[in-house]
Each structure stands twice: as C-alpha cells, then as structure tokens.
Amino acid sequence: MQLERFALTAGEEVTPVRWKIEDTPERAEFREEFRAWLKTVLPEGWVDAIEKGDDKAFESARGSGWDFMSWMGTIGRSGYAAPLWPKEYGGLSGQSWMVQVIREELASHRLPTFGINLLGVGLAGPTIIEHGTEEQRRRYLSKILTGEEIWWEAYPPHRSGSDLASLSTRAVKDGDQWVINGQKVWTTLAQLAQYGMLLTRTDPDVPKHEGLTYFILDMHAPGVEVRPLKQMTGSSEFNEVFLNDVRIEDSQRVGAVGEGWRAARTTLMNERAALAGISLDPVSIFGGTRRDPWTSFVESIPNRNDPLVRQQIARLYIDQEVKEITAFRATSARLRGDQPGPEGSVNKVFNAEFNQRKSIFAMDSSGVSSVAWLAEDKLAESRATTFLRARANTIEGGTSEVLRNQIAERILGLPRDVEVDKAIAWSSTRRN
Ligand SMILES: Cc1cc2nc3c(=O)[nH]c(=O)nc-3n(C[C@H](O)[C@H](O)[C@H](O)COP(=O)(O)OP(=O)(O)OC[C@H]3O[C@@H](n4cnc5c(N)ncnc54)[C@H](O)[C@@H]3O)c2cc1C
C-alpha cells in the first residue's frame, strides 16, 4: 500500500504522446504481440474500455482486482519490463525500439510506464549486467524486475553534490569484508528499499576519479540508519542515510577495486535516460479528461479570455509541442537502435523547467483555491502538492546548471569547465 502511494506520486499514468512514427512491419508485429499479451493479463473489459474511450468502463475494470504490486510481478516475469536485458536475466534480449513500443502501449493502456522500482530497473540492473559478477546477476536481476526487491541510489551526483567524484563515504578493507562509514542525504525511497547502489572512496591518495569502488549495499545490514525527511509536500519520499561501520562482503563489490567510476558512469548514463521522460501529468493539475488534456485544460481556466492569460496559454502550448518534438527525436533515435545520447540532458533540463512553469500557471489561474481548499477538492490538493514537488525537478538527477554545462561541452563543443583538482590526490583537495 505504501509502495503504491509512492508509485502514484511519481506521475505513473502518463498522457500518450501525439508525435508518433509509423511502424515498420517488424514493429507493428511486436506491438500486436504486446497488445495481445496485455489482453490476456489485464482484467476483463480493460482493453475494450481503452479502445472505446469509455472512462467509466475503464475505472470499473481497474477497480476489479488490479493492483500495482501484482502488476509489477506480472510484467516483471514477462520480459517486457526490460526488453533489452538478456533473456537469461529476465529480459527479451531485444532491441532498443522495443522499449519505445512498450512505453507507448503502456501509456495508451493507462498503465504505469515506470514501476516503483525505476531505480532498480533503470539504473541498478544495467550496472549489474555490465559490471557485476555472474553470481550477482543471478541473485539480483529477476527480483528487481518483479519488484520483489526495491533499490535506491546511494550516490549519483550527490553525496558530494554535483561533483560526484569528490564524495567522501569511506570503505576500508578488513579481511573479506569492507567497513563503510559515511552519510548521504536525499536518497529517494531508501526507507522502502532492500538494496542500494553505493559508491565509496577506497583510496584517498589518488585523484578523485581513481580511488572509488562500487558496492551493493544491503539496507538491513547493521549500521545502516535511514531517517526519512519530511518535505514541504507533507510526504517523505526522501531520506538521510547514515552508514556507521557497515560491513559489506567483498562478493558484493561491483567491478574492480578503484574502478567504481566506470560502474558509476553506467548508472549515471541510465539515470538521465530514465528521468528525462518523466513529465508532469496535466490532468493532475488542471483536471479534465486524459483523452484530450489540452482542450480540457483551456476550458478549465476561468479567465481564459484575458489577453495576458491567453499569452501564457499559448506559451505553454508551444512548450508542450517543443517538448514532444524533442522527445520524438529521442524516440526516433531509439527506434533506429541508437544508444541514449545527449538529448537525455536536453530533455531533462527542458522538462524540469516546463513542469515548474505549468504548475505555477495552474496555481495562478485557480484563484483562492490554490491556497485553501475544501477537503473533498482533490484537484486543488493535487495542484498544490504538484506545484511544491516540481521545485525539486531542477535539482534531482543533476541540477539544470550542471546539465547545461554538459550540453555546452558535449553537444555544442564549447571549451570544458576548468577542473583544478583533476590530477591531484583527493586527500589534498579542498572540500566543504
Ligand atoms: C527531490 C530530490 C531527490 C533526490 N534523490 C536523490 C537520490 O535518490 N539519490 C541521490 O544520490 N541523490 C539524490 N538527490 C540529490 C541531488 O542529486 C543533488 O541535490 C543534486 O545533484 C545537487 O547537489 P547539491 O544539492 O549538493 O548541490 P551542489 O552541487 O552543492 O550545487 C549547489 C548549486 O551550485 C550549482 N553548481 C554546482 N556545480 C556547478 C558547476 N560546475 N557549474 C555551475 N553551477 C554549479 C548547482 O546547480 C546548484 O545550483 C535528490 C535531490 C532532490 C532535491
């Protein structure tokens, strides 16, 4: 139940995109196969209700025994949750375009496109597949897919802020074990997770990128303390995690000692691709219907004839088109089979700021109900919570400033930012 609540706060139901590429025969066949599978696993009436656009019938089908966690298990065992993963680890050994087809079908069938285990499926899994041992792959991957074991991310850009490689969580070898000490703030879902991806400093006397080692952390190990942080939205999605003399077996190391940065880069690359698509659902802030959110959005604005308000609506509409076209470029690259490219950063920056503009406009245009509402007014509550939550969008998963630096360097080819500490031992660098 608690997990379900978090899944829904993550904007699980997304509005289907309007920009689509025509299917090749191969893609059309896969789409049909996936639709047929959906029909066999969803409650009776679900698919028909979607095809007819019958919201009432849909709600009744969804209410008849569908629940989020069982759905995770169903899709997790099917291979469709991670089509790119090798078959022997629960995937389909498929191609990148399959990810896109599955996402589109999930969205149009009003199913979660990102499970609660987004960090596990999107980040930990690919890192373990690429850098882990065979034993680790067999032990962890299938349970990530079915949601039986939830994962969190204990490091990216983060313990040390934007400059991940300067982190100070220490790991010291003791026989077959490592002893870990450190602290990490803002860890999403750590209070619900069984495992975490942990990047530590194992050698302070070499430059910052070279002395790092990556581990799988058991969240229930002695010495791991998770303190939920209460956010201004009233919920506690995030935590502060303290690691006090936590012992990790050497068998839980991912990659070689001192080569944690390589594994971390895999996690980071997948993080951006996973987070880039998450966008605020207009129906949750403006109300209206999911089939035509923009018309219902415009109709929901009381003073829509005011010229200044109209300008803002036009701006949001243009933003929406730009967002979809940018996402469409990423989609067409995926359909061609290309790897996630720099457009992940562009999408992340744009989406984060667009979410904020949308939620500010929703608050501005709803008058007094933005600040005080009746308990039964769920739309007003959702609008206010979404507005507050959207503040974090330009910080989490890499700040917009840092991502703009990356766009400048890697896409526009501008000179690289100066890195004064690149070649000196981490222990000699200045830190806060
Ligand atoms: C809601 C939320 C959820 C999060 N979830 C997780 C999680 O699950 N796991 C996890 O590990 N972390 C998580 N984080 C942490 C998050 O990734 C960091 O907050 C973020 O990377 C920025 O780091 P910082 O807060 O230390 O700020 P700093 O890095 O100290 O940055 C402070 C300011 O300086 C700017 N800045 C820094 N470096 C540069 C530069 N080179 N050029 C220009 N400007 C710069 C930044 O943009 C920012 O405005 C989460 C954060 C939030 C808000």
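In listed order, ligands and their atoms are each counted from 1.
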Undergrad: If we ignore angles and hydrogens, is there a donor and acceptor under 3.5 Å between the side chains of D245 and N181?
TA: yes

Undergrad: Using only atom types and a distance under 3.5 Å, with no angle test, would you say the side chain of H131 pairs donor to acceptor with the backbone of T127?
TA: no

Undergrad: Quick check on contacts: which atoms of ligand 1 are under 4.0 angstrom from a heavy atom of E396?
TA: 1 (C), 2 (C), 3 (C), 52 (C)

Undergrad: Under a 4.0 angstrom heavy-atom cut-off, which atoms of ligand 1 come close to N405?
TA: 40 (C), 41 (N), 42 (N), 43 (C)

Undergrad: Can Q231 be said to touch ligand 1, with heavy atoms closer than 4.0 Å?
TA: no

Undergrad: Identify, by atom number and element, the atoms of ligand 1 in contact range of A392, meaning under 4.0 Å from any of its heavy atoms.
TA: 1 (C)

Undergrad: Does any donor atom in the side chain of Y140 or Q194 lie under 3.5 Å from an acceptor atom in the other side chain?
TA: no

Undergrad: Could you work out, with ring-ring contact (aromatic ring centres under 6.0 Å, His included) as the rule, every residue matching F215, not counting sequence neighbours?
TA: W178

Undergrad: Quick one: look at I395 and ligand 1, take heavy-atom pairs under 4.0 Å, and tell me if it's side chain, backbone, both or neither.
TA: both

Undergrad: For atom 41 (N) of ligand 1, state which one of D417, V418, N393, L119 supplies the nearest heavy atom.
TA: D417

Undergrad: Is K184 close to ligand 1, meaning an N/O of one under 3.5 Å from an N/O of the other?
TA: yes

Undergrad: Against heavy atoms of T399, which atoms of ligand 1 measure under 4.0 Å?
TA: 22 (C), 46 (C), 47 (O)

Undergrad: Under a 4.0 angstrom heavy-atom cut-off, which atoms of ligand 1 come close to V402?
TA: 38 (N), 39 (C)

Undergrad: Any chance CG of D176 has more than 12 other-residue heavy atoms, nucleotides or ligands included, within less than 6.0 Å?
TA: no

Undergrad: Does anything in residues 207-221 pair up under salt bridge (Lys or Arg N to Asp or Glu O under 4.0 Å), and if so which pairs, sequence neighbours excluded?
TA: D163-K208, K208-D421

Undergrad: Backbone or side chain, does any N or O of E401 fall under 3.5 Å from an N or O of ligand 1?
TA: yes

Undergrad: Going by distance alone, is a donor N or O of one side chain under 3.5 Å from an acceptor N or O of the other, for S251 and E249?
TA: no

